[in-house]
Amino acid sequence: MDEIRVRIAPSPSGNLHIGTARTALFNYLFAKKTGGKFVLRIEDTDLDRSCDEFKENIFDSLHALGLNWDEGPDVGGPYGPYCQSERFDIYPDYAKKLLESGAAYECFCTPEELEEEKQRSMENKQANIYSRKCCNLNEEEKAALRAEGRKPALRFKVDARELKFNDMVKGELKFDTSLIGDFVIMKSNNVPTYNFAVVVDDMLMKITHIIRGEDHISNTPKQILIYEALGVAAPEFGHLGMILAPDRSKLSKRHGATAVSDFVKEGYLIPALVNFVALLGWSPSDGVEIKNIDEIAADFRINDVSSSNSIFEYDKLNWMNGQYIKKMEIGALTDLIIPFLEGYDLKRYSRAQLERIVEVTREPLTVLSEIKKDTSYFFEDNVTPESDEAAGAIQNKEVLNSALEACINWDFNSEENIHDGLAVLREKFKEQGVKAKDVMWAIRAALTGRIKGADISAVIAILGKECVEARLKNAL
RNA sequence: GCUCCCAUCGUCUAGAGGCCUAGGACACCUCCCUUUCACGGAGGCGACGGGGAUUCGAAUUCCCCUGGGAGUACCA
């Protein structure tokens, strides 16, 4: 078999959507698994809606996800250019070929006429199919129309028949082409329509497998027809279910983050995102869900991908993100976290101390953005009780006094020493009938304003003697 | 309206006629661990949308219904 070649073909009319990212991922996984090539093509024929900013975002996001392409606009390749806007001059040749072979014909209908036809079929409860009234225009009629100043579009002639293809994820799909109607392949302004451009591009780029969202299913028969008319074998198709919002509607801005870059801004880790999105429709053969992209690629089977839609729920993503946060190397994690600490005076601490702060506060994190609130007491000058329970806890003056006295002898460079010091305190109060928990709560509340949080010995060590004494006194 | 796709716990899914008393993960609940929260560990709750048909036997095959999704452009 020839080399397997897949592609992702986003249009730069928005930031890289998480759904597009998943499609890209599945293409990438398929390429990796089969030793094929992964190509990136930018579909920017709609000049009005496309812009460079989005293109950059798509590049950056794809790179960040680790979905590196073998061929694309920036890296080039043997079948370029890889931006459709730079390929405008190649479509007319193929259009001409179809016109000459009789597979296509010129259509002079105006948008108004077309709209009228559409209304009529709606009223008759029929599918909207072009009437074909321009199909049999003779040369004189065409010349007359041209003289009126009308510029023709090119329509592809669709004859009635049954068209079948075997979808890699859905199985056999059947269509009655009489319900499709003759569709436009070249607009009157000489720009190809999507269905024509993709076929020409995929053909020229030697794409062998097209994995895309199921919103393209109805385009597939049209495209297969064009392949046939061009005398080329159509590639294999695989249509993925859609990713839906929890309300089962299309995932859109009102549901929150939609672009990969939005998720990153909210504090999601790229490997977690990749892992999570891979599990939407695909499941590992060994049941182990936490897997990196290489492990997933090694186990990837396109035929086993689920054919139904899946709902994007944050619960599992959050859990998974937390798993990655816990496992991540502390230096790298600190680098990622620093931007989320904006507004705090980070110079208060050394890099080592900062890393220690991250290390002791990362445990309950689900999203990086939560770190700011969880570490506030490290950066505030004065802490105040954040809850009634914390306010109550610092009323325990006896404990606070003892802690203040005791800490003079603690070695603040040793968390272990502090830990032992606290144990001594607990022991002392235990004899007076005060519960260990209350002792710890009083100290924690005085130092952090809360009754829960990171390991208190570590907090004390990081805060330092001066600060600890000040906060205890302040609480007293 | 027309066409197509889909249908297992709340969610992501395992399941390709008997291995299913339907398995796992997230969420939720309980308990354990623990100086707190959390992490971790042990349990629990919880599903084959409905109806027919085929079969000795159906979550698995077929049909109908219902529900959800998509497409229906000289957008991509």
Side-chain angles (χ1 to χ4, degrees), chain A residues 9-13 43-46 48-50 84 107 109-111 114-115 118 121-129 151-155 167 170-171 173-176 179-181 183-195 197-198 213-221 239 241-242 244 246 248-250 276 279-285 287-290 304 306-320 322-323 326 361-366 374 389 393 419 422-423 425-426 435-441 443-445 448 450-457:
Chain A
S11 73
S13 52
E43 307 215 324
D44 52 356
T45 28
D46 187 352
D48 294 338
R49 292 198 302 157
S50 301
Q84 279 187 332
C107 171
C109 292
T110 61
L114 263 14
E115 181 60 28
K118 185 178 170 182
S121 25
M122 286 291 262
E123 279 164 26
N124 297 330
K125 301 191 176 184
Q126 298 286 306
N128 176 32
I129 293 157
K151 288 213 161 75
L154 244 202
R155 260 182 206 279
D167 190 278
K170 303 257 184 205
L173 264 22
K174 278 191 226 172
F175 299 86
D176 175 357
L179 264 12
I180 294 175
F183 58 93
V184 172
I185 54 175
M186 286 297 272
K187 306 182 212 174
S188 52
N189 62 3
N190 221 29
V191 171
T193 59
Y194 165 76
N195 277 310
V198 244
E214 71 173 33
D215 48 338
H216 284 287
I217 287 183
S218 55
N219 288 323
T220 310
H239 290 95
M242 311 262 79
L244 269 25
R248 290 176 192 279
S249 67
K250 206 193 273 183
F276 174 72
L279 258 21
L280 259 27
W282 174 84
S283 62
S285 55
V288 178
E289 297 191 322
I290 301 279
D304 288 344
S306 160
S307 52
S308 47
N309 293 340
S310 41
I311 294 173
F312 191 102
E313 286 278 9
Y314 276 81
D315 280 341
K316 193 156 183 173
L317 205 214
N318 287 341
W319 165 77
M320 194 166 268
Q323 294 295 311
K326 277 183 265 294
T361 54
R362 94 218 273 200
E363 195 76 12
L365 293 182
T366 212
D374 288 359
E389 281 161 307
H419 186 269
L422 288 168
L425 265 184
R426 283 199 298 275
K435 281 188 281 185
K437 187 174 171 181
D438 293 324
V439 175
M440 301 308 289
W441 273 22
I443 296 170
R444 181 182 289 282
T448 71
R450 315 169 188 198
I451 52 161
K452 48 186 176 183
D455 178 79
I456 198 67
S457 308

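Predicted model only: the values in this text are computed from it and were never measured. In what follows, chains are A, B, ... by sequence order, proteins preceding strands, each numbered from 1.
- Here A:K435 does not reach the OP1 or OP2 of B:U35: none of its side-chain N or O atoms lies under 4.0 Å away.
- Residue A:K316 contributes atom NZ, which lies 7 Å from atom P of B:C26 at whole-angstrom precision.
- The phosphate of B:C75 (OP1 or OP2) has a side-chain N or O of A:K187 nearer than 4.0 angstrom.
- Looking at A:V184 and A:C107, their side chains never come closer than 4.5 Å, going by heavy atoms from C-beta outward.
- With a cut-off of 3.5 Å on both Watson-Crick or G-U wobble distances, the partner of B:C37 is given as none.
- Nucleotide B:A14 has no partner under the Watson-Crick or G-U criteria, as no pair reaches both atom distances under 3.5 Å.
- Here the options are A:W319, A:W282, A:F312, A:Y314, the test is ring-ring contact (aromatic ring centres under 6.0 Å, His included), and the partner is A:F276; only A:F312 passes.
- Within 3.5 Å, no donor on the side chain of A:S307 pairs with an acceptor on the base of B:C6, nor the reverse.
- More than 12 heavy atoms of other residues, nucleotides or ligands sit less than 6.0 Å from atom NZ of A:K187.
- With both pairing distances under 3.5 Å, B:G46 is matched to nothing as a Watson-Crick or G-U wobble pair.
- Between A:Q323 and B:G40 there is a side-chain polar atom (N or O) within less than 4.0 angstrom of OP1 or OP2.
- Across all strands shown, B:G1 pairs with B:U72; the Watson-Crick or G-U wobble distances both stay below 3.5 Å.
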